[in-house]
2 protein chains.
Amino acid sequence: MMKAHTPAPQLRGPSDHDVRDQIVEAATKYFGRYGYGKTTVSDLAKAIGFSKAYIYKFFDSKQAIGEVICSNRLSTIMATVDEAVTGVPAAPERLRRMFKALVEAGSYLFFHDRKLYDIAATSASESWPSVGAYEEHLKALVLQIVRDGRELGEFERKTPLDETVNAIYLVMRPYINPLLLQHNLDNAADAATQLSSLILRSLAP
Amino acid sequence: MMKAHTPAPQLRGPSDHDVRDQIVEAATKYFGRYGYGKTTVSDLAKAIGFSKAYIYKFFDSKQAIGEVICSNRLSTIMATVDEAVTGVPAAPERLRRMFKALVEAGSYLFFHDRKLYDIAATSASESWPSVGAYEEHLKALVLQIVRDGRELGEFERKTPLDETVNAIYLVMRPYINPLLLQHNLDNAADAATQLSSLILRSLAP
DNA sequence: TGCGTGACCATAATACAAAATGGTCACTCG
DNA sequence: CGAGTGACCATTTTGTATTATGGTCACGCA
């Protein structure tokens with residue numbers, strides 16, 4: 001697992017510091033096990049053998065820690081999704097795999113890492129940067145796939161690129177955004193298949 | 001406004017009875033003004049000059065009353081949507097209008113009738129029959145439009161009909177289901193336009 | 001007989017005091 | 001000077017005693 005705190009939330013003090021990593025490590029464990037709400041900043045402090053006040057030399061707030069943990073987890077998912085599509089030459093197949101991997105990763109998070117899922121949901125509902133970056137990354141991936149597909153003549157080229165990409169993203173969003181995903185979990189796998197097909201039909205040259 | 005208690009929830013006693021109508025009338029007023037939660041069954045009873053116990057001669061539960069109020073309101077929306085598409089000959093245009101009317105009605109409900117919107121959201125989250133019937137009706141409308149479009153040669157005919165319809169419905173659902181709509185309200189109008197276009201591209205012969 | 005109800009119960013909502021938590025800061029110590 | 005902290009405060013959260021509410025039923029009365 002890489003470091004991947006992509007959009008660097010509100011930090012304090014030196015950006016690479018052993019104690020910061022210790023905090024993140026402890027938070028990953030505690031937030032994942034007991035949940036964001038049930039974990040107190042003092043818990044984290046105690047876990048690394050410092051006082052609560054010292055935590056605040058490194059993070060602006062408890063939420064800032066939550067954002068890092070959330071970002072990290074979403075980075076892992078992004079890596080999984082990226083991996084699922086790399087090496088696949090055909091754009092249509094890449095789009096299918098992207099959607100599938102996305103839904104699988106989201107479902108997994110929900111069913112096997114519920115506490116972290118809840119943080120992601122909070123992140124989405126309170127517009128933390130974490131989920132925003134996640135969505136942007138995926139939007140960029142869609143753009144990439146559509147662009148490639150167009151170049152290879154697999155997709156039509158009449159519709160304005162940004163409109164196409166945006167519309168496709170809108171179709172996927174209910175299965176990307178944690179706040180929406182939870183209401184689409186039953187049949188999410190089928191939905192991914194059917195919607196992929198619909199999108200691809202709309203992209204046919 | 002018509003009667004329209006379409007899927008007749010758990011009733012008691014004679015299905016047409018003046019007192020039943022009075023209850024529904026009072027509930028429409030109270031639920032709409034103070035919300036479902038803040039309205040007590042005694043409030044309704046007092047409003048029509050009977051005792052609380054008498055209400056239960058006509059309805060199985062408070063929720064059953066809520067379902068009727070919710071169904072009625074959703075029936076109004078369905079009527080609006082139906083009206084928006086009737087008389088339009090071209091299937092593509094009908095689909096556009098359907099989506100647009102749907103989003104407008106939903107947004108209106110949210111912004112101008114918030115208390116009733118909340119009931120609809122509850123209905124969706126607890127799977128009352130009301131929202132279920134609403135979704136079914138709209139799914140049927142999509143089927144109708146696609147079928148017509150196919151017959152007129154406006155839409156492709158290769159993809160299995162039910163798959164097409166289901167996929168289209170899945171695209172629209174986040175703007176239909178109240179539980180999902182609330183997270184899509186900003187840009188809902190644009191989304192409806194762009195997604196209509198995407199759907200129509202996917203339907204192109 | 002059938003419309004209508006007061007009294008009753010289990011559970012849910014509310015109110016509110018007490019405890020816990022997020023966050024700050026002046027300060028210590030090496 | 002900089003790593004590290006105890007004491008402190010405003011705001012939430014929690015536990016709980018109390019009230020309100022959904023729902024039933026045996027009964028009254030025309």
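So you know, we letter chains A, B, ... as the sequences are listed, proteins then strands, and number each from 1. Basis for what follows: all heavy atoms, side chains included, without hydrogens, waters or symmetry-related copies.
In the set dG23(C), dG4(D), dT5(C), the nucleotide with an atom closest to the side chain of Phe50(A) is dG4(D). Relative to the side chain of Tyr56(B), the nucleotides dA3(D), dG4(C), dG23(D) differ in distance, and dG23(D) lies closest. The side chain of Thr40(B) has dT21(D) as its nearest neighbour among dT5(C), dT5(D), dT21(D). You'll find that the side chain of Tyr54(A) is closest to dA3(D), out of dG22(D), dA3(D), dT5(C). In this structure, of dG22(C), dG4(D), dA26(D), it is dG22(C) that holds the atom nearest to the side chain of Val41(A).
Looking at Lys62(B), its side chain does come within 3.5 Å of a backbone N or O of Thr39(B) through a donor-acceptor pair. The main-chain N or O of Thr159(B) is found under 3.5 Å from a side-chain atom of Glu156(B) such that the two form a donor-acceptor pair.
Note on ring orientation: taking the six-membered ring where Trp is involved, the planes of Phe58(B) and Tyr54(B) are perpendicular (angle over 60°, cut-offs 30° and 60°). By the 30° and 60° cut-offs, the orientation of the rings of His183(A) relative to His183(B) is parallel.
In this structure, Ser42(A) and Ala53(A) both approach DNA chain C, and ranking their closest nucleotides by distance from the 5' end singles out Ser42(A).
Contact check, Lys38(B) against dT14(C): a side-chain N or O comes under 4.0 Å of OP1 or OP2. The side chain of Lys52(B) places no N or O atom within less than 4.0 Å of a non-bridging phosphate oxygen (OP1 or OP2) of dC8(C).
One can place CD1 of Ile55(A) at 15 Å from C1' of dT24(C), the figure rounded to the nearest angstrom. Look at NZ on Lys62(A): it is 18 Å from P on dT11(D), rounded to the nearest Å. Rounded to whole Å, atom P of dG22(D) lies 13 Å from atom OH of Tyr30(B). In this structure, Tyr36(A) places its OH atom 15 Å from C1' of dT13(D), rounding to the nearest Å. Look at CG on Asp43(B): it is 11 Å from C1' on dA20(D), rounded to the nearest Å. One can place NZ of Lys57(A) at 15 Å from P of dT28(C), the figure rounded to the nearest angstrom. Per the geometry, NZ belonging to Lys46(B) stands 15 Å off C1' belonging to dT5(C), to the nearest Å. For the pair Leu44(A) CG and dG23(C) P, the computed distance is 12 Å after rounding to whole Å.
Ion pairing between Glu104(B) and Lys100(B) holds under the 4.0 Å rule for side-chain N and carboxylate O.
Note on Ser51(B): a base of the nucleic acid sits closer than 4.0 angstrom, heavy atoms only.
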